[in-house]
Amino acid sequence: MKQGPVLIFDSGVGGLSVASALRQHYPHAGFCYACDNAWLPYGLRDDAALAERIVAVCLAAVAACRPSVLVVACNTASTLALENLRWHLSIPVVGTVPAIKPAAALSRTRHIGLLATRATVGRPYTQELISRFAGDCVVTRVAADPLVSEAEAWLAGRSPDTVRMHAALAPLWEAAQPSDASQTLGTPVLDTVVLGCTHFPLLKPWLAELAPVPLNWVDSGDAIARRVGQVAAALMTSTSDGRCFTTAPATALSAGLARYGFQPAQPLSLM
Ligand code: DGL
């Protein structure tokens, strides 16, 4: 039986954190990667224009890869355009949303952090997840868009700027340590952080190193991999395994892509 690969889509290299979870769960399956690096970062874009763009890029990537499943490995895109994508496509579409539910289940102090893009932090979809699954938790939301470019830099072979990261993460670190103000207000300290942007798991060693106290870091990789197993009939190797498409030149990423099993990027032409 011939079967299309699993197509993983993100604005940039963040989807590689999801690719890594998928490859661990399904080592014999075929994977293609597509990213809209011409429009990166998605987290700072206008919603209406972005919603249209995501559909156009995903349709072009599906035409190029002929996948059996599309994984939208981007919280910013999924919380905006998942329904629209499902309407346009006849293959299963698996989205990525912040892992609020597992984080709430894990937190002992009942104070969790949500680290995501500005767009994801403010979306009604995110608010619904919080109300549904973390109603009894304090949730500190941190828009950490500078971390997206640090993850991109790391994949292109540069070290992340830890001073810049530390500044973006300051609200989390404050919430993770008891202070006079929190003690007066009776606010519990934060013990668990949702990595609500697929770029951020790529920076986990630096996040853990910069944190003033040990924290639980929760991402969506394993949940997405399990979901792909439920919606795909069978995951088997494909002749397209390892193909990668980008909307802007990405030669600086070739070595990084190879570490995740992907070939140098080919240009993706939009229809
Ligand atoms: N990786 C994307 C996410 O999960 C967003 C990065 C961006 O702002 O483009 O939200």
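Since we're looking at a predicted model, the values are computed, not measured. Computed over heavy atoms, backbone and side chain alike; hydrogens, waters and symmetry mates excluded. Counting convention: from 1, in listed order, for ligands and their atoms alike.
Nearest protein heavy-atom contact of atom 7 (C) of ligand 1 is Y42 N, 3.2 Å. Of all protein heavy atoms, the one lying nearest to atom 10 (O) of ligand 1 is T76 OG1, 2.5 Å.
When non-hydrogen atoms are compared, ligand 1 lies under 4.0 Å from the backbone of C197 as well as from its side chain. Residue-level proximity to ligand 1 for D10 is carried by the side chain, the only part with a heavy atom below 4.0 angstrom. Contacts between N75 and ligand 1, counted as non-hydrogen atom pairs separated by less than 4.0 Å, involve both the backbone and the side chain. Only the side chain of L40 comes within 4.0 Å of ligand 1, counting heavy atoms alone; its backbone N, CA, C and O stay farther away.
Each of the atoms 5 (C), 6 (C), 7 (C), 9 (O) of ligand 1 lies under 4.0 Å from some heavy atom of S11.
Looking at every heavy atom in both residues, H199 comes nearest to A151 through O-CB, 3.6 Å.
Taking CZ of F31 as the start and CG of L7 as the end, the distance is 11.0 Å to the nearest 0.5 Å.
Judged by distance alone, the side chain of Y33 and the main-chain N or O of G15 form a donor-acceptor pair under 3.5 Å.
Put simply, no part of G12 is less than 4.0 Å from ligand 1, judged by heavy atoms.
Contact check for L70 versus C58: side-chain heavy atoms found under the 4.5 Å cut-off. Using a 4.5 Å heavy-atom cutoff, the side chains of T76 and R123 are in contact.
Checked against L172 for a side-chain contact (heavy atoms from CB on, under 4.5 Å), the options L207, L114, L210, L190 give a single hit: L190.
Taking only nitrogen or oxygen atoms, main chain and side chain alike, G43 reaches within less than 3.5 Å of ligand 1. Between T117 and ligand 1, not a single N/O pair is under 3.5 Å apart. Note: an N/O pair closer than 3.5 Å links T198 and ligand 1 by distance alone.
A donor atom on one side chain and an acceptor atom on the other are found under 3.5 Å apart for D191 and T109.
Between Y260 and W154, the ring-plane angle classifies as perpendicular under the 30° and 60° cut-offs.
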